[in-house]
Amino acid sequence: MKWLLVAITVVATALSDLLQSYELKRAGEQSVSARGIARLAAMVARRRYLILSIVCLAFSFFAFMALVQSQPLSFAVPASAASFILETIAAKLVLGEQVGPRRAAGTLLVLGGIILLAR
């Protein structure tokens, strides 16, 4: 059960971040003034991928809460870091972002930590 909760947390977090990044890049830069915040809220309400991103984030949040209830925090937090790996791969393959050697090395270090945690 713990690995199922980890998987839900990781996939939902990565999907949420991917959808959010995709949609906000399409929307362009937004103002952060008082009026800008109101326009930003209206823009969020009209963008289906942002709404789906919020739903995914809610799934991630509740799965992580269940994971923390049943497992030590010292397991839950590092295990959920697998979302960094999934997000890096998705950023490269889906969003076409550049992943340089330093970023790839950091991602591999996170993967190594998760492998150590799983044993």
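The first residue in the sequence is number 1, and the count goes up from there. As a basis for the values below, the full set of heavy atoms in this structure was taken, side chains included, without hydrogen atoms, waters or symmetry mates.
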Any pair counted as salt bridge (charged side-chain N to carboxylate O under 4.0 Å, His left out), so long as it reaches residues 4-27, sequence neighbours left out: Glu23-Arg26, Glu23-Arg47, Lys25-Glu97

Joint cluster assignment, Phe84 & Leu109, ILVMFWY side-chain distance < 4.5 Å: no

Non-hydrogen side-chain atoms of Ser83 and Thr9 separated by less than 4.5 Å: no

Evaluation steps, side-chain contact (heavy atoms from CB on, under 4.5 Å), between Phe75 and Leu67: CA-CA 9 Å; Phe75 168 81; Leu67 183 63; 4.2 Å; yes

Leu52 reachable from Leu15 in the ILVMFWY side-chain graph, under 4.5 Å edges: yes

OG-CG distance between Ser53 and Leu24, expressed to the nearest 0.5 angstrom: 8.0 Å

Same cluster (ILVMFWY, side-chain, under 4.5 Å), Tyr22 and Val94: yes

Rounded distance [0.5 Å steps], OG1 in Thr88 versus CG in Leu111: 11.0 Å

Within-4.5 Å side-chain heavy-atom neighbours: Val6 and Gln71: no

Leu93 CG to Leu18 CG distance, which is reported to the nearest 0.5 Å: 10.0 Å

Atom pair CD1 (Ile51) and CZ (Arg46), whose distance is rounded to the nearest 0.5 Å: 10.5 Å

Side chain to side chain donor-acceptor pair (under 3.5 Å) partners for Ser80, two or more places apart: none

Which atom of Ala79 lies closest to which atom of Leu117, heavy atoms considered: N-CD2, 3.4 Å

Where Cys56 and Ser16 come nearest, the two heavy atoms and their spacing: CB-CB, 3.8 Å

Min side-chain heavy-atom separation Ile114-Ile85 under 4.5 Å: yes

Cluster link Met1 to Phe61, ILVMFWY, side chain under 4.5 Å: no

Side chains of Val77 and Phe64 in contact at under 4.5 Å (non-hydrogen atoms): yes

Ser60 OG to Met65 CE distance, which is reported to the nearest 0.5 Å: 11.5 Å

Side chain proximity check, Ser21 to Leu95, heavy atoms < 4.5 angstrom: yes

Same cluster (ILVMFWY, side-chain, under 4.5 Å), Ile115 and Ile89: yes

CA sep, side-chain torsions, deciding dist, call: Leu5, Ser70, side-chain contact (heavy atoms from CB on, under 4.5 Å): CA-CA 10 Å; Leu5 290 172; Ser70 64; 4.2 Å; yes

Leu50 vs Leu19 side-chain heavy atoms within contact, under 4.5 Å: no

